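Input: a single structure, listed below in structure tokens.
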Amino acid sequence: MIIESKNFNLKQIADSGQCFRMNQISDNTYGLIALDRYIELEQVSEDVINITCNEGDYKQIWKNYFDLDYDYGRIVDKLLEGPDEFLRKAASYGSGIRILRQDPFEMLISFIISQNKNIPSIKACIERICETYGNKMEDDISGKVYYTFPGPDILAEAKKEDLRRLKLGYRDEYIIAASRAVVLGHIDLGALMLASHQESVNTLKSIRGIGDKVANCISLFGLHHIEAFPIDVWMRRVLEEFYENEFDVDQFQGYAGIVQQYMFYYVRHLYGVG
DNA sequence: CGCCAGGATACCC
DNA sequence: GGGTATCATGGC
């Protein structure tokens, strides 16, 4: 299935730190496990992507997953025309980033794991969880064998010692408690998607192991609250070194999370990571 | 060996 | 409110 879209760059999305199961296969090709499925995507040219799926799945699933109805060019242009040199460079460098509409529970667990870890380590932990607790699948088209991300019911029943063997460290009990909160209905991720960003952050922070940064990541990447603005060590570095801690988030009200992604992706490039 | 990673928490003042 | 030791693990 050939798709034409501006501001859609596979490498930039795969390396933007928002998704942990999208990996490079060859020069312009990426494999993605999401929503219990596996697809391969090829960057044919700047505005052309080829996805291994039929038109029905594209319209029903992947068009929404990659947020293809949203005009990221409008945000990029606004930054390119603005007075802020760092943002001009960041928007230019990451103009193909889109905020994916990922599964909320997968994001909840993934970003609990993410605390005090680097991205390769987060990916490895998530794969071990999927191999242990997910369903084994085989993709018809590519023949790829993969494992789905387990649901809250499965992880709520996981044993702490078993999780600890997956090298999750002290986060094991956070994962079990968060999964139980979802199963018991103490946390309603569907409702949080409709709630205000502030309300969803406050609710998520009531879970042990979720602080301000992780709550903002879950809101941005799992609930699609694009006004969320997660501040991790990289963002702290940007705000300190390029803005002397006087960055005004409010000038991007309603879409600060998109701006944040450009900043995050660009500063890591400046430091030679990702 | 020490330091760092898309941090959070308990405890201190 | 702000500082800090600690948490488990891997990579450098």
Side-chain angles (χ1 to χ4, degrees), chain A residues 11-23 90 93-94 97-100 102-104 106-129 131-132 158-179 181 187 197 200-243 245 247 249 256-274:
Chain A
K11 173 182 166 50
Q12 291 175 19
I13 292 170
D15 293 341
S16 66
Q18 62 175 307
C19 55
F20 301 109
R21 306 196 75 194
M22 180 173 179
N23 294 301
Y93 185 71
I97 296 174
R98 315 183 71 84
I99 310 290
L100 307 183
Q102 302 183 75
D103 177 72
E106 181 172 337
M107 292 300 100
L108 173 71
I109 301 302
S110 295
F111 279 98
I112 286 176
I113 294 170
S114 78
Q115 69 172 255
N116 214 28
K117 274 185 172 300
N118 55 33
I119 292 176
S121 174
I122 299 165
K123 286 186 170 188
C125 285
I126 291 173
E127 285 313 309
R128 284 192 289 269
I129 286 183
E131 285 168 15
T132 306
K159 304 294 287 182
K160 188 171 159 182
E161 312 83 67
D162 294 337
L163 283 172
R164 188 58 69 99
R165 277 188 221 107
L166 304 182
K167 309 297 183 183
L168 299 168
Y170 58 86
R171 305 161 189 82
D172 49 8
E173 48 194 28
Y174 298 165
I175 292 169
I176 295 172
S179 301
I187 300 291
H197 167 56
S200 75
V201 164
N202 289 340
T203 304
L204 289 167
K205 283 171 74 173
S206 70
I207 300 177
R208 188 177 161 77
I210 297 184
D212 203 59
K213 187 269 169 184
V214 168
N216 271 277
C217 279
I218 297 166
S219 294
L220 180 56
F221 305 129
L223 306 175
H224 206 75
H225 291 169
I226 58 173
E227 63 268 50
F229 195 81
I231 299 176
D232 70 323
V233 292
W234 292 100
M235 285 302 295
R236 210 169 291 286
R237 204 163 283 163
V238 174
L239 300 182
E240 199 175 315
E241 293 187 13
F242 293 89
Y243 296 94
N245 288 322
F247 183 78
V249 189
I258 297 174
V259 178
Q260 190 271 5
Q261 279 300 96
Y262 300 142
M263 299 170 84
F264 176 82
Y265 182 66
Y266 182 56
V267 75
R268 280 167 57 86
H269 162 68
L270 291 181
Y271 278 83
V273 190

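Throughout, a chain's letter reflects where its sequence line sits, starting with A, and its residues are numbered from 1. In this text the structure is predicted, and so the values were computed from the model without any measurement. Just so you know, these numbers use all the heavy atoms, side chains as well, and skip hydrogens, waters and symmetry mates.
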Nearest-Å distance, [atom1] ([X]) to [atom2] ([N])?
{"X": "A/Ile210", "N": "B/dT9", "atom1": "CD1", "atom2": "P", "value": "9 Å"}
{"X": "A/Asp232", "N": "B/dA8", "atom1": "CG", "atom2": "C1'", "value": "14 Å"}
{"X": "A/Leu204", "N": "B/dT9", "atom1": "CG", "atom2": "P", "value": "12 Å"}
{"X": "A/Ile122", "N": "B/dG6", "atom1": "CD1", "atom2": "P", "value": "6 Å"}
{"X": "A/Ile119", "N": "C/dG10", "atom1": "CD1", "atom2": "C1'", "value": "15 Å"}
{"X": "A/Ile218", "N": "B/dG6", "atom1": "CD1", "atom2": "P", "value": "17 Å"}
{"X": "A/Tyr170", "N": "B/dA10", "atom1": "OH", "atom2": "C1'", "value": "14 Å"}
{"X": "A/Lys167", "N": "C/dC7", "atom1": "NZ", "atom2": "P", "value": "18 Å"}

### Residues A/Tyr93, A/Tyr265; criterion ring-ring contact (aromatic ring centres under 6.0 Å, His included); working and verdict
CA-CA 8 Å; A/Tyr93 185 71; A/Tyr265 182 66; 5.1 Å; yes
#### Entry: Presence of salt bridge, A/Asp232 and A/Lys213, under 4.0 angstrom
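Salt bridge: no.
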### Task
Run the salt-bridge test on A/Glu106 and A/Arg21 with the 4.0 Å N-O cut-off and return the result as yes or no.
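Not counted as a salt bridge, because no side-chain N and carboxylate O are separated by less than 4.0 Å.
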Remember a base hit wins even if backbone is also touched, and classify [X] as base, sugar-phosphate or nothing at under 4.0 Å, heavy atoms.
{"X": "A/Gln261", "answer": "base"}
{"X": "A/Ser121", "answer": "nothing"}
{"X": "A/Asp172", "answer": "nothing"}
{"X": "A/Ser110", "answer": "nothing"}
{"X": "A/Gly209", "answer": "sugar-phosphate"}
{"X": "A/Lys213", "answer": "base"}
{"X": "A/Ile207", "answer": "sugar-phosphate"}
{"X": "A/Arg236", "answer": "nothing"}
{"X": "A/Phe20", "answer": "nothing"}
{"X": "A/Leu168", "answer": "nothing"}

### Task
Please determine, for the side chain of A/Arg171, which listed nucleotide (C/dG10, C/dA8, B/dG7) has the closest atom?
C/dA8
### Query
Should the ring pair A/His197 and A/His225 be called parallel, tilted or perpendicular, given that the plane angle runs from 0 to 90° and is split at 30 and 60?
perpendicular
### is_close_aromatic(A/Phe264, A/Phe229), centroid dist under 6.0 Å
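No, the ring of A/Phe264 stays outside the 6.0 Å limit from the ring of A/Phe229, centre to centre.
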If you compare every side-chain N and O of [X] against the phosphate oxygens of [N] (OP1, OP2), does one of them come in below 4.0 Å?
{"X": "A/Arg128", "N": "C/dG10", "result": "no"}
{"X": "A/Arg268", "N": "B/dG6", "result": "yes"}
{"X": "A/Arg208", "N": "B/dA10", "result": "yes"}

#### Entry: Spacing of the C1' atoms in C/dG2 and B/dG6 (rounded, Å)
23 Å
### Query
Looking at B/dG7, does its base get a donor-acceptor pair with the side chain of A/Tyr174 below 3.5 Å?
no
### Query
Is A/Trp234 stacked on the base of B/dG6, meaning ring centres closer than 5.5 Å and planes within 30 degrees of each other?
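No, the aromatic ring of A/Trp234 does not stack with the base.
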### Query
Is it true that the NZ or CZ of A/Arg237 lies under 6.0 Å from the centre of A/Tyr271's six-membered ring and within 45 degrees of the ring axis?
yes
